[in-house]
Amino acid sequence: MPEPTLQQRKTIYRARRGLKELDYYFDFYIREHYLSASEQEQAVFASLMDEEDPDLLDWFLFDKPPKTEYAKLIAKLKQLKNAT
């Protein structure tokens, strides 16, 4: 696996939310998929990390519809984690 760039490292660091409920999804994705994801998917994930924790909790745990730009990625993260 290639060495992460500075921008990728920043995103990896920001993915550590400190909330078990979010880390459940983000930690697995970061470890297993983030560095091999397309540049577009990495950019969407980086943007997702800019969102507030209450919104993220709503989208991941309470099935509230996410912003359109995040819907596909959130579905993927849920599917990846549920498949393990």
Side-chain angles (χ1 to χ4, degrees):
M1 192 153 284
E3 187 69 25
T5 65
L6 179 59
Q7 185 60 41
Q8 288 169 328
R9 287 178 192 203
K10 288 179 180 180
T11 300
I12 290 168
Y13 180 79
R14 289 184 13 234
R16 297 182 195 149
R17 307 304 275 209
L19 291 170
K20 281 189 214 181
E21 296 86 348
L22 295 175
D23 290 343
Y24 175 81
Y25 294 100
F26 298 158
D27 287 350
F28 178 77
Y29 178 76
I30 288 291
R31 278 193 326 271
E32 302 294 329
H33 299 280
Y34 176 70
L35 291 177
S36 61
S38 69
E39 286 184 28
Q40 179 186 7
E41 185 173 299
Q42 287 185 15
V44 172
F45 186 78
S47 179
L48 183 66
M49 295 301 97
D50 291 335
E51 296 294 333
E52 298 292 329
D53 288 345
D55 292 330
L56 293 170
L57 287 168
D58 284 344
W59 299 335
F60 278 90
L61 300 178
F62 302 115
D63 293 325
K64 290 194 178 177
K67 292 180 180 177
T68 306
E69 62 267 29
Y70 302 134
K72 187 176 176 182
L73 180 61
I74 289 173
K76 178 179 181 174
L77 268 66
K78 287 181 176 182
Q79 180 183 22
L80 287 171
K81 190 57 187 168
N82 292 332
T84 59

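Between the CG atom in D53 and the CG atom in D58 there is a gap of 11.0 Å [rounded to 0.5 Å]. Once rounded to the nearest 0.5 Å, the distance linking CD1 of I74 with CG of L48 reads 5.0 Å. Distance NE2/H33 to CD/Q42: 13.0 Å, rounded to 0.5 Å.
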Scan the side chains in residues 18-30 for donor-acceptor partners under 3.5 Å anywhere in the protein, sequence neighbours excluded, and list what turns up.
from	atom 1	to	atom 2	distance (Å)
D23	OD1	R17	N	3.1
D23	OD2	G18	N	3.3
Y29	OH	E41	OE2	2.5

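Under the 4.5 Å side-chain heavy-atom criterion for Ile, Leu, Val, Met, Phe, Trp and Tyr, L6 and Y13 are members of distinct hydrophobic clusters.
The salt bridge (Lys or Arg N to Asp or Glu O under 4.0 Å) contacts involving residues 42-51 comprise R14-D50, E51-K67, where partners must be two or more places apart or lie in separate chains.
Side-chain contact check for E3 versus R9: some heavy-atom pair is nearer than 4.5 Å. For the pair S47/Y70, a side-chain contact is recorded, criterion being any heavy-atom separation below 4.5 Å from C-beta on.
More than 12 heavy atoms of other shown residues, nucleotides or ligands fall within 6.0 angstrom of atom CD in E69.
Minimum heavy-atom separation, A71 to P66: CA-CG, 3.7 Å. Pairing each heavy atom of K78 with each of D63, the nearest pair is NZ-OD1, 3.3 Å.
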